Amino acid sequence: QVQLVESGGGLVQAGGSLRLSCAASGSIFRINAMGWYRQAPGKQRELVATITGGGSASYADSVKGRFTISRDNAKNTVYLQMNSLKPEDTAVYYCTANVARSWTMRVMDYWGEGTLVTVSS
C-alpha cells in the first residue's frame with residue numbers, strides 16, 4: 001500500500017507564505033509525476049501544480065509566479081512553496097503521485113487526505 005501524507009497547512013495573512021510537504025511511503029518502485037490539487041468550499045477540485053519525474057513543472061494560471069513546486073526523489077517528497085498568498089487561495093490542498101509499485105505492476109494515482117490552508121484578508 002502507498003500512503004501520502006501532507007503537512008504544512010495552516011492560517012496565514014494575505015501576502016504571507018506557506019510551504020506544503022507531501023511524503024510518500026509504502027511499496028514504491030517508481031514515482032512518476034507528482035502534483036497538488038486544491039478544493040475550496042463550494043467549488044470543484046482544481047489542479048494547482050504538477051512536476052514530472054525529470055523535474056519539469058507546470059502551474060495553473062492563478063498561481064503562476066507565486067507558487068513553486070519541487071521534489072526530493074530520495075525522500076519521495078513533493079513540496080509546494082506558496083508566496084504572496086491571497087484569500088482566494090483558501091482551500092484544502094491535496095497531494096497526488098503517480099506510482100508504480102513494481103516493474104510489472106501498472107501505474108496508479110494515489111492521493112493524500114489533504115491539508116487546510118486558510119488565508120485571511
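Because the structure is a prediction, the values reported are computed rather than measured. The basis for the numbers below is simple: all heavy atoms, side chains too, and nothing from hydrogens, waters or symmetry mates.
Arg30 places no side-chain N or O within 3.5 Å of a backbone atom of Ala100 that could act as its donor or acceptor partner. At distances below 3.5 Å, not a single donor-acceptor pair connects side-chain atoms of Arg45 with backbone N or O atoms of Val92. In this structure a side-chain-to-backbone donor-acceptor pair under 3.5 Å is present from Glu6 to Cys95. The backbone N or O of Ile69 sits less than 3.5 Å from a side-chain atom of Tyr59, completing a donor-acceptor pair.
For the pair Ser21 and Lys75, the minimum side-chain heavy-atom distance is 4.5 Å or more. Put simply, the side chain of Arg38 reaches to within 4.5 Å of the side chain of Val63, judged on heavy atoms.
When hydrophobic clusters are built by joining Ile, Leu, Val, Met, Phe, Trp and Tyr residues whose side-chain heavy atoms come closer than 4.5 Å, directly or via intermediates, Val99 is not grouped with Phe29. Under a hydrophobic-cluster definition in which Ile, Leu, Val, Met, Phe, Trp and Tyr are linked whenever side-chain heavy atoms come within less than 4.5 Å, directly or via other members, Val48 and Ile51 are assigned to the same cluster.
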Discussion item. Under the criterion side-chain contact (heavy atoms from CB on, under 4.5 Å), I'd like the reasoning laid out for Arg66 against Met82: C-alpha separation, chi angles, the key distance, then a yes or no.
Written reply: CA-CA 6 Å; Arg66 299 187 297 120; Met82 304 184 294; over 6 Å; no
Practice prompt. Show your reasoning for whether side-chain contact (heavy atoms from CB on, under 4.5 Å) applies to Asp72 and Tyr79.
Written response: CA-CA 8 Å; Asp72 185 337; Tyr79 306 94; 4.1 Å; yes
Item to complete: Go through Tyr93 and Cys22 one step at a time and tell me if the side-chain contact (heavy atoms from CB on, under 4.5 Å) criterion holds.
Response: CA-CA 10 Å; Tyr93 284 71; Cys22 173; over 6 Å; no
Practice prompt. Verify side-chain contact (heavy atoms from CB on, under 4.5 Å) between Arg101 and Val2, making sure each step is shown before the conclusion.
Written response: CA-CA 8 Å; Arg101 295 180 63 190; Val2 176; 4.1 Å; yes
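Between Leu18 and Leu85 the shortest heavy-atom distance is N-CD1, 3.9 Å. In terms of heavy atoms, Ser70 sits closest to Val78 at O-CG2, 3.2 Å. Pairing each heavy atom of Leu80 with each of Ala49, the nearest pair is CD1-CB, 4.3 Å. The heavy-atom pair separating Leu4 from Ala24 by the smallest distance is CD1-CB, 4.0 Å. Residues Ala40 and Ala91 share a closest heavy-atom pair of N-CB, 3.8 Å.
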Considering only distance and modelled atom types, tabulate donor-acceptor pairs under 3.5 Å from the side chains of residues 109-121, sequence neighbours left out.
unit_1: Asp109; atom_1: OD1; unit_2: Asn98; atom_2: ND2; d: 2.8
unit_1: Thr115; atom_1: OG1; unit_2: Gly9; atom_2: N; d: 3.3

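Between Lys86 and Asp89 there is no salt bridge, since no side-chain N of the basic residue sits under 4.0 Å from a carboxylate O of the acidic one.
Of the inter-residue distances, the one linking Arg71 atom CZ with Asn76 atom CG reads 8.5 Å to the nearest 0.5 angstrom. If you take CD1 on Ile28 and CD1 on Ile31, they are separated by 4.0 Å, rounding to the nearest 0.5 Å. Put simply, OG1 on Thr50 and CE on Met34 are 11.5 Å apart, with the number rounded to the nearest 0.5 Å.
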